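FYI, the numbering just counts along the sequence from 1. Here the structure is a predicted model, which means the values were calculated and not measured. Atoms within a ligand are numbered from 1 in the order they appear, just like the ligands themselves.
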Amino acid sequence: MFDSLSDRLGGVFDRLRGRGALTEADVRTAMREVRVALLEADVALPVARQFVDKVTEEAVGQNVLRSVTPGQQVVKIVNDALVEMLGADASELDLSVTPPAVVMMVGLQGSGKTTTTAKIAKRLAAGVGGRDRKKVLMASLDVNRPNAQEQLATLGTQVEVATLPIVPGQQPVDIARRALQAAKLQGYDVLMLDTAGRLHVDQALMDEMKAVAEIATPQEILLVVDSLTGQDAVNVAQNFSEQVPLTGVVLTRMDGDARGGAALSMRAVTGKPIKFAGTGEKMDALEAFHPSRVAGRILG
Ligand code: GDP
């Protein structure tokens, strides 16, 4: 993850730190290199431009260049700007409501939505990160893809999280209603709804998603997108957020994404925080997305 960006930035910063004094021209040269590095990592052009302008302005505008360690100060400014770009105030799931809290999962087909639903359920059930263990129920509303409901049931068995019994022929809104009823009656803390995937942003399915959201009034609507699709992932997020009030994004396949462009641009372009990163096919391959840690990883 972020390997080549990290290498490129490391080189730029070593050169900056290596000098005792820095001129404005040194900073501008370094920032041109940062801009190229960001674009090579597939960061959206306006985001890269804005980032570099902000850092340059801060670095040449303050007393940074006259300080004892100007190189280090510039690196700190870059770090802070990176944390902000990644969404400094990002939070994990907000489930602080009278139970059951509903988490609705949406996304394109093949993005990793069903897998991620089970991963998050497992995490909540286990109380990862010192949180209370939650009693979780999962339900698949995907009546389009054959065996989608069975796939979630199989994953449920694997992660030891309950799934709503399948009633053949039932439609998504009715399944959502039944799931909510079951979660209330059986004292579940969290209900996770895995909605039908889409091949692309298709109106009938968008309408179905809105109808489900109206019934289930989710606290969290998480969009699952494949980080390997780069800026397309950001465009998909933009499209979805125009249709439903997303509370966050989960980026999957970060394990195979050497560039990281989607992760770097998502917040700035869509305004939506990345809440989790999928890092593999296994059920525990999910990390909470912490902007400061990610920035730390990038800047080494
Ligand atoms: P859905 O159609 O969106 O529900 O997608 P699935 O959950 O069925 O996932 C499609 C494939 O992607 C499966 O083979 C998953 O194991 C795989 N997958 C999901 N998330 C990740 C991830 O973070 N990393 C990797 N390497 N594979 C993933």
Closest non-hydrogen protein atom to atom 24 (N) of ligand 1, residue and atom name please, with distance?
-> Asp255 OD1, 2.9 Å
Among protein heavy atoms, which lies nearest atom 18 (N) of ligand 1, and at what distance?
-> Arg253 NH2, 4.0 Å
Do Glu33 and Arg8 pass the side-chain contact (heavy atoms from CB on, under 4.5 Å) test, and can you show the C-alpha distance, the side-chain angles, and the key distance before you say yes or no?
-> CA-CA 8 Å; Glu33 291 172 38; Arg8 293 286 299 258; 5.7 Å; no
Quick note on ligand 1: atoms under 4.0 Å from a heavy atom of Gly278 include exactly 23 (O)
Relative to atom 21 (C) of ligand 1, which among Ala285, Gly280, Gly112 owns the nearest non-hydrogen atom?
-> Gly280
Contact (N/O only, under 3.5 Å) between Thr116 and ligand 1 = no
Qualifying residues under side-chain hydrogen bond (donor to acceptor under 3.5 Å, both in side chains), relative to Glu287, sequence neighbours excluded = Arg297
Listed by chain and number, what are the side-chain hydrogen bond (donor to acceptor under 3.5 Å, both in side chains) partners of Gln170, not counting sequence neighbours?
-> Arg178
Is the closest heavy atom of Ser111 to ligand 1 under 4.0 Å?
-> yes
With a 4.5 Å limit on heavy-atom distance, are the side chains of Leu108 and Phe240 in contact?
-> yes
Which residue supplies the protein heavy atom nearest to atom 8 (O) of ligand 1, what is that atom called, and how far is it?
-> Gln151 NE2, 3.1 Å
Gly110 to ligand 1, any heavy atom closer than 4.0 Å = yes
Lys113 neighbourhood, listing ligand 1 atoms whose heavy-atom distance to it stays under 4.0 Å | 1 (P), 3 (O), 4 (O), 5 (O), 7 (O)
Tell me, do Leu264 and Phe51 make a side-chain contact under 4.5 Å, heavy atoms counted?
-> no
Identify the closest protein heavy atom to atom 16 (O) of ligand 1: which residue and atom is it, and at what distance?
-> Glu281 OE1, 2.8 Å
Would you say Leu108 touches ligand 1, if touching means a heavy atom closer than 4.0 Å?
-> yes
Tyr188 six-ring centre to Lys135 NZ/CZ under 6.0 Å and within 45° of normal | yes
Taking atom types as modelled, is there a side-chain donor on Ser96 or Asp94 under 3.5 Å from an acceptor on the other?
-> yes
For ligand 1, indicate whether the residue Thr115 contacts it via side chain, backbone, both or neither (heavy-atom separation under 4.0 Å).
-> both
Atom pair CG (Leu199) and CD (Gln109), whose distance is rounded to the nearest 0.5 Å | 4.5 Å
Which atoms of ligand 1 are found less than 4.0 Å from any heavy atom of Thr279?
-> 23 (O)
Under 3.5 Å, is there a donor-acceptor pair between the side chain of Arg145 and the main chain of Val143?
-> no
Mind checking whether Thr252 has an N or O less than 3.5 Å away from an N or O of ligand 1?
-> no
Ignoring angles and geometry beyond distance, decide whether Met254 reaches within less than 3.5 Å of ligand 1 through its nitrogen or oxygen atoms.
-> no
How does Met283 reach ligand 1, if at all, at less than 4.0 Å between non-hydrogen atoms: by side chain, backbone, both, or neither?
-> neither
Can you tell me if Asp194 and Thr114 form a side-chain donor-acceptor pair at under 3.5 Å?
-> yes
Please verify whether a non-hydrogen atom of Gly107 lies at under 4.0 Å from ligand 1.
-> no
Under 3.5 Å side-chain donor-acceptor pair for Asp26 and Thr23 | yes
